[in-house]
Protein chains: 2
Amino acid sequence: MNATPRWLTSEQKAAWDSFIRMHEKLMGRLTRQVRADSHMSAADYIVLAKLTEAGGGRIRFLDLAKLVEWEKSRMSHQVGRMAKRGLVAREECPEDGRGAFIVATPAGYQAIEEAAPVHVEHVRRLFIDALTQEELDTLARISDRVIAHMEKQPD
Amino acid sequence: MNATPRWLTSEQKAAWDSFIRMHEKLMGRLTRQVRADSHMSAADYIVLAKLTEAGGGRIRFLDLAKLVEWEKSRMSHQVGRMAKRGLVAREECPEDGRGAFIVATPAGYQAIEEAAPVHVEHVRRLFIDALTQEELDTLARISDRVIAHMEKQPD
DNA sequence: CCAGGATAGATGAGCTGTCAACAATTTCGT
DNA sequence: ACGAAATTGTTGACAGCTCATCTATCCTGG
């Protein structure tokens, strides 16, 4: 119908809108619940989760930023705040003088170990339980494909 | 296997992690592109998009907030900033003395009409083109189901 | 071996979001 | 009809994010 500014089809737009809306609603609830259940923000939680999932609880600064898809400046401020509260620490990197490892402190481990079970329960209750395993697999495939596709695209 | 703190299965966790990562990466790119292409933030964009999609470019304040799944305080600040720049205006509501309509101004229409085509192009290039129509339909169905499921859940 | 560029990360200013408290209606129970 | 409770939206303080800039280290070509 419309030649010049190729709009999305109504199916495409519906999919896009629903996807955005679902994510917004879901994250809204989960972040509020993390704050209510623990004394952490969602950002604190995911940083500690990634750190403690990794071997030794240590990840290079930029690798950590890439894992969660944040800009380095955001991660730097976040790590600074978490370090001030004693949840993580910076360690210098032997093989690269500029580099830094971020490590979870014992207090960090304790915080995530307390927060994780109830958070997982919320994720299950609000998200996982709404879907079949097949749908989850499909979602994983879709997500991985979009990620791979973006990594090939410029910008 | 593990009795007390029911963790997610590895498939469930993989789906969850991929989903989060994909959204973060995608939104990171899109928000940077909106800012680069127009003189608006992603928040400005979506508010104007919802307003101009609606009949008359007018939506009740809280309906608008619900449409994009924001807290009312966030919307209030956002509308305040946009009103200061002349993109939207507040109108009082005849049938409810507390209420307010938010309306897109001519400048708001102009801004979104300039920004929309290139934004849609980015959405298509980064997201839509990575998937088949069938996958998009599945994603829409999944999203709608999760939304419906959450609306039944407490909290 | 050294000059220029690339990479790792920190920092500060300014904008944006969150939380709690508030004012102004409207609605509801009795 | 009247007081309590709920709804609509605003506000201010503070926390968090973004962008540009900066330092320090590392790599690379000549």
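To find a chain, count down the sequence lines: A is the first, B the second, and so on, and within it residues start at 1.
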*Send over the distance from A:Arg90 CZ to C:dG9 P, rounded to a whole Å.*
10 Å

*With hydrophobic residues grouped by side-chain heavy-atom distances under 4.5 Å, do B:Tyr45 and B:Tyr109 end up in a single group?*
no

*Between A:Gln78 (CD) and C:dT11 (P), how many Å, whole number?*
15 Å

_Rounded to whole Å, please give me the gap between CE in A:Met75 and P in C:dG9._
11 Å

*For each nucleotide in nucleotides 19-24 of chain C, reading 5' to 3', give B when a protein heavy atom comes within less than 4.0 Å of its base, S when such contact involves only the sugar-phosphate, and - otherwise.*
B----B

*asked:* Are B:Val146 and B:Leu67 connected into the same hydrophobic cluster when the rule is that any two of I, L, V, M, F, W, Y join if their side-chain heavy atoms are below 4.5 Å apart?
replied: no

*In whole angstroms, how far is the C1' atom of C:dT16 from the NZ atom of B:Lys84?*
13 Å

_When you group the ILVMFWY residues by side-chain heavy-atom contacts below 4.5 Å and let the links chain together, are B:Leu30 and B:Met40 in the same group?_
no

*In whole angstrom, what separates A:Met27's CE from C:dG17's P?*
17 Å

*Please lay out, stage by stage, how A:Arg29 and A:His122 fare under the test side chain to side chain contact (heavy atoms under 4.5 Å, CB included).*
CA-CA 9 Å; A:Arg29 288 214 192 183; A:His122 287 310; over 6 Å; no

*asked:* At a heavy-atom distance below 4.0 Å, what parts of residues 38-64 of chain A sit against DNA chain D?
replied: none

*asked:* What is the distance, to the nearest angstrom, from the CG atom on A:Asp96 to the P atom on C:dG9?
replied: 7 Å

*What is the distance from atom CD of A:Glu53 to atom CD1 of A:Ile112, rounded to the nearest 0.5 Å?*
8.5 Å

*Rounded to the nearest angstrom, tell me the gap between atom CD in A:Glu92 and atom P in D:dC26.*
11 Å

*Nearest 0.5 Å, what's the NE2-CG distance between A:His149 and B:Asp129?*
5.5 Å

*Does A:Ser143 use its side chain to pair, donor to acceptor, with the backbone of A:Leu139 at less than 3.5 Å?*
yes

*In terms of side-chain geometry, is the basic nitrogen of B:Arg124 or B:Glu121 positioned less than 4.0 Å from the acidic oxygen of its partner?*
yes

_Point-to-point distance, once rounded to the nearest 0.5 Å, from CZ of B:Arg141 to OG of A:Ser18_ = 12.0 Å

*For A:Glu91 and C:dA8, give me the distance from atom CD to atom C1', rounded to whole Å.*
17 Å

